[in-house]
Amino acid sequence: MEHEAATHFLRDAVIMLGFALGFVLLFRRLGLGATLGYLVAGAVIGPQVLGLTGEAEGKIAIAELGIVLLLFVVGLELAPARLLRLKKEIFGLGLAQVLLCGAALTAAIGAFTGFSWQASIALGLPLALSSTAQVLPMLQSSGRLRTPFGERAFSVLLFQDLSIIPMITVVAALSRNPAEQGGPPGWQLALITVGAIFGLLLAGRFLIRPLFRLIGRFGEREMFIVAALFTVVASAATMELLGLSTALGAFIAGVMLADTPFRHELETDVEPFRSILLGLFFLAVGMMLDLGAIAERPLFVLAMAVGLIATKTAVIFGLGMMMKMGWRAALALGLLLSQGGEFGFVMFAQAQSGFLIDPEAASLFGAVVTLSMATTPFLMMLTGPLRREPASREDREGPRGDGAAALVVGYGRFGQTVAQMMITNDIAVTLIDKDTDMIDVAGEFGSKVYFGDGTRIDLLRQAGAGDADAICFCMDGTQLDRAFLQAVRDAFPQPKIFVRAFDRRTLIDLRDAPHDYVVREVMESAVAMGRAALAALGDSRQDIDAAEDAYRKTDRRRLDVQFEAGDYRAAQDMIIRQVEGGSRPVAGNANADPTV
């Protein structure tokens with residue numbers, strides 16, 4: 001019996017993964033995204049088409065871990081500094097979008113379908129949410145995630161993800177299921193929720209963070225992955241034990257690690273599990289769609305999908321204009337977030353278990369969400385000419401592909417030196433900067449600098465990055481991350497990538513990023529001053545060379561340990577220091593700045 005169950009499990013796994021692979025590759029090729037590929041693959045192998053696998057209910061229970069991991073990654077993005085910088089967009093634009101779209105869709109469903117007001121709320125509120133799993137990859141692939149437009153879209157998606165928790169509470173309060181109504185009263189549930197959140201935050205500060213620091217010192221990559229998954233699952237299980245949302249537990253786990261040096265490592269380690277389990281979730285949803293009910297009422301599904309897209313586009317466009325966005329950018333934001341999202345499936349299942357809607361309605365509105373998601377790539381392509389910004393009123397020229405061998409992004413003091421060295425050797429260079437004052441000053445000195453945001457893939461393509469031999473990112477600060485550099489490498493495999501890193505911490509964050517050369521911006525100038533100081537103090541050229549060589553070797557070994565640990569605090573015993581009252585250099589100054 002056990003052998004037969006194992007055989008069925010392996011057979012189902014082969015079928016599900018095989019069809020998922022085929023459909024996702026096909027839908028990616030068509031520009032429709034992986035999410036729709038998973039949904040269609042699930043519908044095809046489900047009981048109403050080919051019937052190749054067993055019941056989906058058991059699989060979706062495991063696959064919901066994908067939703068849990070997605071909320072964990074969202075929590076990791078909520079570092080306090082970023083939250084403070086985007087507070088207006090998150091709690092202004094995001095809150096207004098959820099409330100207005102939720103109210104408009106609830107009213108429309110109640111007016112045109114005849115559902116009860118409880119069912120209308122249970123359906124309308126989830127439809128206000130957009131698809132994080134679809135929109136973020138679209139922003140990343142276009143290079144717009146870190147632009148002002150991309151950050152507004154991210155802020156709205158982030159607030160939508162935060163609003164899932166109160167939405168689940170609202171649906172639970174409306175439930176007609178006696179078993180669900182037997183729980184604690186609302187005020188008690190609120191107190192339990194607040195207490196659980198503070199408990200998790202304290203556990204994160206005094207237990208989880210020291211645990212990750214300990215693992216970082218050992219340099220055990222496998223244990224880091226185990227600890228990351230343990231943190232997520234333990235937080236979710238704690239909330240479930242208290243009768244609260246597992247997604248809330250995972251989100252809090254992400255928040256409590258968002259401002260630690262382990263954030264990027266955690267994202268990298270969790271991402272494969274999140275992707276696989278989220279894909280399995282969409283497969284199971286596709287298997288559970290009632291295609292018969294959809295076939296009986298195709299016009300209803302089509303009309304609701306059109307109404308959903310039109311309502312959300314109109315509301316978000318209006319909010320964008322109120323936020324003083326240009327009308328083209330506001331329209332683009334409305335179209336980009338016009339679809340339903342993956343959490344709609346979760347909420348519809350919750351509403352069904354609470355006897356607010358029947359299974360047929362859950363399938364119909366699941367199909368509405370699926371159809372709306374399918375339209376987003378087409379809407380963005382069709383409206384591209386309408387949304388494209390005209391030439392700047394200041395007549396600043398954007399970059400163009402003119403056959404240059406190298407692109408220099410950022411023409412400050414650092415970029416000027418890099419560019420002038422290449423120009424000295426007759427290398428054709430395209431210069432890009434978004435500081436208009438810098439462009440004007442460079443023009444006065446005879447340098448042609450093009451206006452544009454060099455962290456946008458489409459702008460780099462327009463500047464000729466595909467035909468260049470080198471791209472030099474010379475911007476100030478920490479504007480680059482691994483995701484962006486990976487997108488550059490994927491889009492432009494030919495040119496070599498050169499990166500200016502702000503400090504040691506930035507260097508460690510970029511350790512797995514694709515690049516051909518990276519330099520700390522103050523490293524070489526500091527070494528040059530050190531050599532000059534030694535010479536002024538009377539050291540011989542041979543002693544100065546030996547001191548530089550010893551420092552560089554120690555620094556390289558220390559960086560290797562920190563790269564392996566993913567923690568800039570590692571290898572503090574290798575920092576060169578001197579004993580108090582003496583001058584002999586030793587290692588292990590705990591007070592030294594480990595980011596130098």
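In this chain, residues are counted from 1 in sequence order. When reading the values below, keep in mind they use all heavy atoms of this one structure, side chains included, and skip hydrogens, waters and symmetry mates.
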Exercise for review: Please state whether the rings of Tyr517 and Phe498 are parallel, tilted or perpendicular, taking 30° and 60° as the class boundaries.
Suggested key: tilted
Item to complete: Would you check, one step at a time, whether the test side chain to side chain contact (heavy atoms under 4.5 Å, CB included) holds for Met167 with Met347?
Response: CA-CA 8 Å; Met167 282 190 187; Met347 297 296 295; 3.6 Å; yes
*Does any non-hydrogen side-chain atom of Leu93 lie less than 4.5 Å from one of Ser155?*
no
The side-chain contact (heavy atoms from CB on, under 4.5 Å) partners of Ala367 (sequence neighbours excluded) come to Ile294, Val301
message: I want to check something: taking the side chain as every heavy atom from C-beta on, are Leu480 and Arg500 in contact at a cut-off of under 4.5 Å?
response: no
Checklist line | Heavy-atom donor-acceptor pair, Lys312 side chain to Leu127 backbone, under 3.5 Å | finding: yes
Those residues at least two apart in sequence (or on a different chain) that pass side chain to side chain donor-acceptor pair (under 3.5 Å) with Thr376 are Gln339
Taking the side chain as everything from C-beta on, heavy atoms only, tell me whether Arg557 gets closer than 4.5 Å to Thr554. yes
Nearest heavy-atom approach of Ala153 to Leu336 is CB-CD2, 4.2 Å
The test is side chain to side chain contact (heavy atoms under 4.5 Å, CB included); show your working for Phe19 and Leu50 and say whether it passes. CA-CA 12 Å; Phe19 272 81; Leu50 298 180; 4.2 Å; yes
The side chain to side chain donor-acceptor pair (under 3.5 Å) partners of Gln97 (sequence neighbours excluded) come to Gln160
Between Ala122 and Ala351 the two heavy atoms that sit nearest each other are CB-CB, 3.8 Å
Of all heavy-atom pairs linking Leu123 and Phe365, the shortest is CD1-CE1, 3.6 Å
Between Phe91 and Phe159, is there a side-chain heavy-atom distance shorter than 4.5 Å? yes
Nearest heavy-atom approach of Phe484 to Thr455 is CE1-O, 3.1 Å
Heavy-atom nearest pair, Ser130 first then Leu337, reads OG-O, 2.7 Å
Sequence neighbours excluded, the answer for salt bridge (charged side-chain N to carboxylate O under 4.0 Å, His left out) partners of Arg489 is Asp516
Here the gap from Gln486 atom CD to Ile497 atom CD1, rounded to the nearest 0.5 Å, amounts to 8.5 Å
Taken in chain and number order and not counting sequence neighbours, the residues that satisfy ring pair (Phe, Tyr, Trp, His ring centres under 6.0 Å) with Tyr38 are none
Hits for side chain to side chain donor-acceptor pair (under 3.5 Å) against Ser338, two or more places apart or cross-chain, chain-then-number order -> none
Exercise. Hey, does Val135 have a side-chain heavy atom less than 4.5 Å from the side chain of Phe154?
Worked result: no
Separation between CG (Leu283) and CG (Leu17), nearest 0.5 Å, reads 8.0 Å
Go through Val488 and His515 one step at a time and tell me if the side chain to side chain contact (heavy atoms under 4.5 Å, CB included) criterion holds. CA-CA 10 Å; Val488 173; His515 54 67; over 6 Å; no
TODO: Give the ring-plane orientation class for Phe23 versus Phe27, where under 30° counts as parallel, over 60° as perpendicular and anything between as tilted.
DONE: tilted
Side chain to side chain contact (heavy atoms under 4.5 Å, CB included) evaluation trace for Phe492 with Ile457:
CA-CA 9 Å; Phe492 315 113; Ile457 299 295; 4.1 Å; yes
Nearest heavy-atom approach of Val369 to Gly340 is CG1-C, 3.7 Å
